[in-house]
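Encoded as structure tokens, the structure appears first; notes follow it.
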Amino acid sequence: MMEEFEDVDAVPAQDLSQCKTCKRWFFPKVLEKHANICQKTATKRRKIFDSSRQRAEGTEISTLKPIKPKLQSSAASQKAEPPKKPSNWRKKHEDFITTIRAAKAATQAVKDGGPLPPPPPPSYDPDYIQCPYCQRRFNENAADRHIKFCQEQAARMPIKNKLGDAKKPPSRTQ
């Protein structure tokens, strides 16, 4: 069986000619026919195939829901995407490293029996939004919900000890 295929490989490469359009190699007789077809297909612009449109043909979908051209839907989806925020992975990584080093220093101090080192300064994620009422930080979605809630709570609760102006209850002296 392998003998049949070995004869095919024995064709001399010198007899082949190259197509000027697609740069493939053919026998001269085949190249004449191929060159005409290859030239036509190279100049013809192919239409983009839309499988959803083909699936919708002949069903109720095509009559109920108009199918938008591919170019309009892709342009609309690009405009709908929110702009990407710049990545702050480097700051997060540095904060993580300082936290690990502080934890190692505290562990070593406990083992040695010495005084604990001061804790590292708190780091704030710049992606978080600070609540103006309670000063806590939240991501965007949680901040929207929380700030409304916190605003209502702040309006209901009296301001506690604002700069020492709060009135003290009278003492019981007789």
Side-chain angles (χ1 to χ4, degrees), residues 18-24 38 40-171:
Q18 190 175 22
C19 174
K20 294 175 183 174
T21 309
C22 65
K23 307 294 185 212
R24 290 168 51 199
C38 190
K40 287 179 187 176
T41 57
T43 57
K44 191 188 312 181
R45 181 83 175 149
R46 290 185 68 171
K47 194 166 65 170
I48 298 172
F49 179 72
D50 186 6
S51 63
S52 61
R53 183 175 296 220
Q54 185 183 22
R55 284 191 310 251
E57 279 182 15
T59 63
E60 297 166 0
I61 297 171
S62 61
T63 58
L64 296 176
K65 183 179 176 184
I67 300 171
K68 295 179 182 177
K70 185 75 172 172
L71 297 174
Q72 290 178 355
S73 62
S74 64
S77 66
Q78 288 175 352
K79 290 179 184 175
E81 291 180 16
K84 292 185 178 182
K85 294 181 180 177
S87 175
N88 58 350
W89 67 268
R90 191 177 308 265
K91 173 142 178 38
K92 288 180 181 178
H93 177 71
E94 289 169 359
D95 290 344
F96 177 69
I97 297 297
T98 55
T99 303
I100 295 296
R101 287 183 180 152
K104 283 183 180 179
T107 305
Q108 188 64 33
V110 169
K111 282 184 182 177
D112 296 341
L116 291 176
S123 62
Y124 298 108
D125 190 348
D127 294 339
Y128 287 0
I129 300 169
Q130 188 171 11
C131 173
Y133 302 99
C134 66
Q135 310 308 317
R136 291 165 56 199
R137 295 175 175 269
F138 301 92
N139 69 17
E140 284 186 40
N141 295 337
D144 292 339
R145 293 190 315 258
H146 171 81
I147 291 173
K148 290 176 188 173
F149 169 79
C150 204
Q151 183 179 16
E152 292 173 5
Q153 293 298 318
R156 277 199 272 165
M157 304 286 274
I159 300 173
K160 295 182 180 178
N161 297 332
K162 184 176 181 185
L163 300 175
D165 292 341
K167 294 183 179 178
K168 297 179 182 175
S171 62

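Quantities reported herein were computed from a predicted structural model and do not represent experimental measurements. By convention here, the first residue in the shown sequence is residue 1.
Minimum interatomic distance between Ile147 and Gln130 (heavy atoms only, all atoms of both residues): CD1-O, 4.5 Å. Of all heavy-atom pairs spanning Pro115 and Ala109, the tightest one is O-CB, 3.6 Å. Between Ile129 and Ala143, the shortest heavy-atom distance links the atoms CB-CB, 3.9 Å.
Rounding to the nearest 0.5 Å places OG of Ser123 at 11.0 Å from CD of Glu94. The CG atom of Asp127 sits 11.0 Å away from the CZ atom of Arg137 when rounded to the nearest 0.5 Å. With rounding to the nearest 0.5 angstrom, the CZ atom of Arg45 is 12.0 Å from the OG1 atom of Thr43. Annotation: the span from Asp95 atom CG to Ile100 atom CD1 amounts to 11.5 Å, rounded to 0.5 Å. In this structure, CD in Gln108 is found 12.0 Å from CG in Leu116, a value given to the nearest 0.5 Å.
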- request: Could you walk me through whether Arg145 and Phe138 pass the side-chain contact (heavy atoms from CB on, under 4.5 Å) test, one step at a time?
  value: CA-CA 10 Å; Arg145 293 190 315 258; Phe138 301 92; over 6 Å; no
query: So His146 and Cys134, side-chain contact (heavy atoms from CB on, under 4.5 Å) or not? Walk me through it.
result: CA-CA 10 Å; His146 171 81; Cys134 66; 3.3 Å; yes
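No more than 12 heavy atoms of other residues, nucleotides or ligands shown are found within 6.0 angstrom of CD on Glu140.
At a threshold of 4.0 Å, the pair Lys148-Asp144 does not count as salt-bridged, since none of the basic side-chain nitrogens sits closer than that to a carboxylate oxygen.
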